[in-house]
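This report refers to the structure that appears directly beneath it.
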Amino acid sequence: MNHLVSYTDSAPKELQQQTKASLKGDDGKKLIPARKPQAVIVARRPDSGGKEGSVISLLANHFLVQFDPSQKIYHYNVEITPHPSKDVARAIKQKLVNNNSAVLCGATPAYDGRKNLYSPVEFQNDKLEFYISLPIPTSKLTSPYGEMSDLKEKHEQLKLFRINIKLVSKINGKELSNYLSKEDDDWIPLPQDYLHALDVVLRESPTEKCIPVGRSFYSSSMGRSKDIGGGAVGLRGFFQSLRPTQQGLALNVDFSVTAFHESIGVIAYLQKRLEFLRDLSQRKTAQLTGEERKEVEKALKNIRVFVCHRETVQRYRVYGLTEEVTENLWFADRDGKNLRLVNYFKDQYNYDIQFRKLPCLQISRSKPCYLPMELCVICEGQKFLGKLSDDQTARILKMGCQRPGERKTIVEGVMRGTVGPTSGDQEKEFKLQVSREMTKLTGRILHPPKLKLGDGGHVRNLTPSRHDCQWNLLDGHVFEGTTIERWALISFGGTPDQKSNVPRFINQLCQRCEQLGIFLNKNTVISPQFESIQILNNVTLLESKLKRILRTASNNLQLLICIMERKHKGYADLKRIAETSVGVVSQCCLYPNLNKLSSQFLANLALKINAKVGGCTVALYNSLPSQLPRLFHIDEPVIFMGADVTHPHPLDDVSPSVAAVVGSMNWPTANKYISRIRSQTHRQEIILDLGAMVGELLDDFYQEVEKLPNRIIFFRDGVSETQFYKVLEEELQSIRCACSRFPGYKPTITFAVVQKRHHTRLFPFETDQSSTQKNNFLYENIPPGTVVDSVITHPKEFDFYLCSHWGVKGTSRPTHYHVLWDENQFTSDELQKLVYNLCYTFVRCTKPISLVPPAYYAHLAAYRGRLYLERSESLGLFRSTSTLSRAAPPKTAPLPKLSENIKKLMFYC
């Protein structure tokens with residue numbers, strides 16, 4: 001095959017030698033992994049969809065994409081040397097396309113910014129080589145301090161890149177078309193190659209015009225950025241993803257908001273970001289303490305900055321801070337002569353460095369390269385890397401909180417706008433037809449179940465009849481109220497006025513509990529303990545105080561109520577000590593809530609306390625066996641399990657992940673769940689210890705019900721679509737291994753993935769209403785019980801969207817349930833009804849929740865494990881052996897063991 005070389009500049013020999021190694025033996029085949037035969041085949045949809053419920057007309061934010069199956073797409077591998085950033089790679093591609101139209105046969109290929117280029121026509125040759133030069137300053141030519149010569153970068157130096165393009169494959173859409181067609185019933189894997197190519201094609205235009213972050217795009221054209229405090233701004237944008245659905249290929253587009261670093265000077269940024277630096281401009285002579293220096297480094301690490309003491313387009317990444325403060329820093333010039341940094345800036349730029357007691361930014365990974373903070377500005381368009389504060393999170397959520405009608409208008413604007421997926425020429429080039437209209441479909445509204453309350457109240461059963469399906473317990477008792485004879489109260493902080501409210505609080509809480517059928521003794525076993533809020537900062541002291549309360553209560557305490565002046569990080573220590581060292585369930589609340597003492601607040605507190613000490617709020621009036629008689633029988637118990645994995649914060653690259661599994665312990669009521677929580681390898685998606693955890697829960701179930709469950713219904717949260725098959729393969733095997741510990745025990749298993757983090761939204765849609773009614777209707781959310789299992793769901797697999805809750809704010813997000821394995825052979829109606837009914841049995845509230853309870857409880861339990869871990873790590877109670885540069889994740893630190901007497905309680909809820 002001939003090489004066609006187009007020189008924009010002559011290529012230096014070093015560059016030609018440098019690229020040889022990267023071209024050797026790379027035939028591009030590794031880009032398309034060979035398909036392994038699937039060990040387990042994912043469950044197929046058992047029928048044509050559910051029939052139960054009343055019909056509702058809906059719109060979904062899916063836009064049909066019609067493609068020509070015979071349209072070939074030519075997939076080329078791109079190698080650029082030296083390796084550029086994504087932004088530079090795109091600039092190279094743009095210049096290459098503009099300058100070489102004939103060689104590329106007039107094509108405008110789509111590029112993913114890395115190695116993949118897709119063209120609707122074949123290039124002149126299968127292998128092409130180009131040299132492109134761009135005006136980018138190179139690190140060899142510029143020092144961060146500025147040039148020693150008089151050039152001072154007035155003319156940016158040209159940097160030369162070598163681009164090798166090689167044909168990898170020619171693909172067409174026939175396989176994808178077959179996969180999407182309803183006629184072909186054979187199991188075939190999803191043709192990822194053509195789907196990925198179309199995905200890149202439809203992302204091309206937004207990528208050129210917006211700031212890409214993951215699968216979303218952000219642009220000031222969608223509304224001005226908003227200051228959310230702490231050196232961050234919220235920016236509006238949209239998410240897009242190409243999905244195979246029953247109606248064909250669909251583009252899922254949704255409104256999105258995320259936080260970016262504010263583009264301001266580094267000093268001003270630190271003043272906004274860190275509380276202890278608010279008065280930085282007044283204390284130029286103050287030096288950072290060791291702890292403060294760590295916080296500043298954490299806030300600035302990996303942020304890109306530019307300098308304002310000279311003209312340059314160079315951008316620098318912050319790798320850390322200098323050990324020395326600015327006034328003590330020296331560096332060697334090109335001649336090896338040692339220069340003092342502050343003198344150099346005075347001599348070269350006539351600039352007096354003000355913040356001499358602050359460290360400089362270190363902007364090279366390996367060699368000393370320093371920049372004074374006051375001369376640096378944070379570059380625009382960088383996603384906020386840190387953990388958002390509660391205030392920042394609230395502001396971001398408020399920005400993204402649109403009522404259904406507003407959200408619908410924004411999404412339709414994206415599809416017709418100047419920065420969206422249809423704003424370029426790609427649609428025409430690749431023979432695509434993308435609909436600008438949302439998908440019309442019909443859903444069904446399932447009926448709420450009849451509920452059973454406690455025997456002591458006037459109301460013994462009820463069917464939620466309000467539009468939001470909430471019910472109240474004004475005349476009713478909880479289904480199972482507990483008796484709490486021995487309890488204590490401890491207070492942290494609070495004003496004298498606030499503390500004086502405590503007796504009134506105890507009295508009113510006891511009364512509210514009594515109204516709900518819960519007995520809470522009016523007298524605590526010891527008088528309320530009033531401590532300083534500082535105790536929460538001292539783990540040893542906190543532990544001794546809690547143990548003293550337990551001793552005074554003769555080691556017999558059912559509940560500890562803790563009142564705090566404000567939210568405090570010591571909450572995590574309190575929970576860990578109470579649950580692992582002392583062995584008592586605790587309920588925390590804040591003093592500001594004690595001022596009002598509303599009936600609702602007291603009821604919420606009472607429900608949580610009742611659940612934690614072993615009671616429950618509500619049960620289904622018609623038991624599950626009577627509702628699903630084909631599958632469930634009173635004498636054949638069923639266990640519902642939920643599992644979740646929570647990973648550390650994105651910037652944390654050492655902490656373990658935390659896995660939690662919960663299981664129902666009563667049948668047929670199925671509303672009490674106990675948990676097992678484990679730490680595991682950093683960012684490990686698969687639950688490594690699942691077999692042991694499930695085995696322990698089966699043991700516990702056997703002790704409670706005196707039988708092993710005939711069926712296991714397993715709801716798995718926290719799995720991305722790319723991991724479905726891996727999770728199914730490994731975790732199904734773990735569940736089976738757990739069962740095999742019991743001789744001859746082979747229950748039937750259903751394994752369903754539960755997803756809340758998706759971007760499908762459903763909007764009510766009425767065709768026969770007046771415009772005024774229609775507008776009002778569009779501001780309403782879809783009602784609880786709305787289920788969709790056609791048109792926008794998977795072409796062949798068993799999945800459905802269920803919105804089981806009432807959305808008070810913003811636009812409701814339905815939960816996506818995807819059944820990966822089903823030995824119980826549920827019909828669509830049976831599984832949808834089961835899930836929706838279970839959503840009414842959550843112990844913490846009197847309304848249906850958005851997520852099936854076992855998955856919700858698993859999430860809460862995993863969060864509790866994360867609390868134990870984060871505080872223990874920050875206090876150095878147990879350290880994982882880790883270094884900054886490591887080949888493998890560090891050894892996982894185990895979680896502290898739960899106290900035996902709370903293991904079987906819902907302490908985590």
Side-chain angles (χ1 to χ4, degrees), residues 387 390 536 539 542-543 546 559-562 564 567-589 604-605 607-614 641-649 652 655-665 672-680 684 687-690 692-693 696-697 700 715-718 754 756 842-845 849 851 853-875 877-878 892-909:
K387 196 172 187 177
D390 288 352
L536 290 171
V539 182
L542 178 63
E543 185 158 357
L546 297 188
L559 170 73
L560 179 65
I561 290 185
C562 312
M564 294 180 186
K567 286 185 178 179
H568 193 286
K569 62 187 181 210
Y571 167 84
D573 293 320
L574 180 77
K575 289 293 182 186
R576 180 178 49 77
I577 293 164
E579 290 155 9
T580 64
S581 176
V582 179
V584 63
V585 293
S586 56
Q587 179 58 55
C588 296
C589 54
N604 289 346
L605 214 55
L607 293 184
K608 286 187 76 173
I609 288 168
N610 186 51
K612 285 178 182 183
V613 293
M641 288 186 170
D644 194 10
V645 180
T646 157
H647 301 295
H649 186 263
D652 180 338
S655 295
S657 293
V658 176
V661 184
V662 301
S664 58
M665 289 293 131
K672 287 185 186 177
Y673 290 78
I674 68 172
S675 64
R676 288 294 179 272
I677 315 169
R678 303 272 204 280
S679 59
Q680 62 178 35
Q684 169 62 256
I687 300 176
L688 298 179
D689 220 4
L690 182 64
M693 294 158 94
E696 287 174 30
L697 290 172
D700 288 330
F715 294 100
R716 177 66 155 91
D717 200 354
V754 181
K756 278 288 282 181
F842 189 61
V843 290
R844 288 199 328 197
C845 56
I849 56 166
L851 189 65
Y856 200 140
Y857 292 138
H859 175 76
L860 293 174
Y863 174 69
R864 180 56 53 86
R866 166 77 46 223
L867 274 188
Y868 292 170
L869 203 62
E870 280 177 354
R871 286 300 283 163
S872 302
E873 283 184 337
S874 68
L875 296 162
L877 296 183
F878 46 82
T892 302
L895 292 178
K897 280 199 163 51
L898 282 176
S899 176
E900 280 302 316
N901 54 331
I902 70 157
K903 241 182 178 177
K904 293 191 177 180
L905 295 172
M906 293 177 70
F907 64 91
Y908 53 82
C909 75

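Heads up: numbering here begins at 1 and tracks the sequence.
Rounding to the nearest 0.5 Å gives a distance of 5.0 Å between CG of Asp390 and NZ of Lys567. Taking CG of Asp573 as the reference point, atom NE2 of His568 lies at 9.0 Å (rounded to 0.5 Å). Here the straight-line distance linking atom OG of Ser679 with atom OH of Tyr868 works out to 13.0 Å at 0.5 Å rounding. Here the straight-line distance linking atom CD of Glu543 with atom CZ of Arg576 works out to 7.0 Å at 0.5 Å rounding. The structure places CZ of Arg864 at 4.5 Å from CD of Glu579, a figure rounded to the nearest 0.5 Å. For the atom pair SG of Cys909 and CZ of Arg844, the computed distance is 6.5 Å after rounding to the nearest 0.5 Å.
Residues His647 and Val645 form a side-chain contact, since some pair of their non-hydrogen atoms from C-beta on lies under 4.5 Å apart. Asp700 has its side chain within reach of Arg676: a pair of non-hydrogen atoms, C-beta onward, lies under 4.5 Å apart. A heavy-atom distance below 4.5 Å is not found between the side chains of Pro854 and Met641. The shortest side-chain heavy-atom distance between Leu542 and Leu536 falls under the 4.5 Å cut-off. Taking 4.5 Å as the limit, some side-chain heavy atom of Ser657 sits within range of a side-chain heavy atom of Pro648. No side-chain heavy atom of Lys608 sits under 4.5 Å from any side-chain heavy atom of Val843.
Under the ring pair (Phe, Tyr, Trp, His ring centres under 6.0 Å) criterion, Tyr856 pairs with Phe842, sequence neighbours left out. Residues satisfying the side chain to side chain donor-acceptor pair (under 3.5 Å) test with Ser675, not counting sequence neighbours, are none. With sequence neighbours left out, the salt bridge (Lys or Arg N to Asp or Glu O under 4.0 Å) criterion links Lys672 to Glu480. With sequence neighbours excluded, no residue satisfies side chain to side chain donor-acceptor pair (under 3.5 Å) with Lys387. With sequence neighbours left out, the side chain to side chain donor-acceptor pair (under 3.5 Å) criterion links Thr580 to no other residue. For Asp717, the side chain to side chain donor-acceptor pair (under 3.5 Å) criterion is met by no residue, not counting sequence neighbours. Residues forming a ring pair (Phe, Tyr, Trp, His ring centres under 6.0 Å) with Tyr908 (at least two apart in sequence, or on another chain): none. Looking at residues two or more places apart in sequence or on another chain, you find no salt bridge (Lys or Arg N to Asp or Glu O under 4.0 Å) involving Lys569. Residues that satisfy the side chain to side chain contact (heavy atoms under 4.5 Å, CB included) test with Lys897, not counting sequence neighbours, are absent from this structure. For Leu688, the side chain to side chain contact (heavy atoms under 4.5 Å, CB included) partners two or more places apart in sequence, or in a different chain, are Gln680, Thr681, Gln684. For Ala858, the side chain to side chain contact (heavy atoms under 4.5 Å, CB included) test picks out Asp644, Val662, with sequence neighbours left out. Under the rule for a salt bridge (Lys or Arg N to Asp or Glu O under 4.0 Å), the partners of Arg678 that lie at least two apart in sequence or sit in another chain are Asp689, Glu696.
No donor-acceptor distance shorter than 3.5 angstrom exists from the side chain of Thr892 to the backbone of Pro656, with no hydrogens or angles considered. The main-chain N or O of Ser586 is found under 3.5 Å from a side-chain atom of Lys612 such that the two form a donor-acceptor pair. Between the side chain of Asn901 and the backbone N or O of Gly583 there is at least one donor-acceptor pair closer than 3.5 Å.
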Leu898/Phe907 under side-chain contact (heavy atoms from CB on, under 4.5 Å): CA gap, chis, key distance, verdict:
CA-CA 10 Å; Leu898 282 176; Phe907 64 91; 3.6 Å; yes
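Heavy-atom minimum distance, Ile609 versus Leu559: CG2-CD2, 3.7 Å. Minimum heavy-atom separation, Cys588 to Leu574: SG-CD2, 3.5 Å. Scanning all heavy atoms of the two residues, the minimum distance from Thr646 to Arg866 falls at O-NH2, 2.9 Å. In plain terms, the two heavy atoms of Gly663 and Leu697 that are nearest each other are N-CD1, 3.9 Å. The heavy-atom pair separating Ala643 from Ile687 by the smallest distance is CB-CD1, 3.7 Å.
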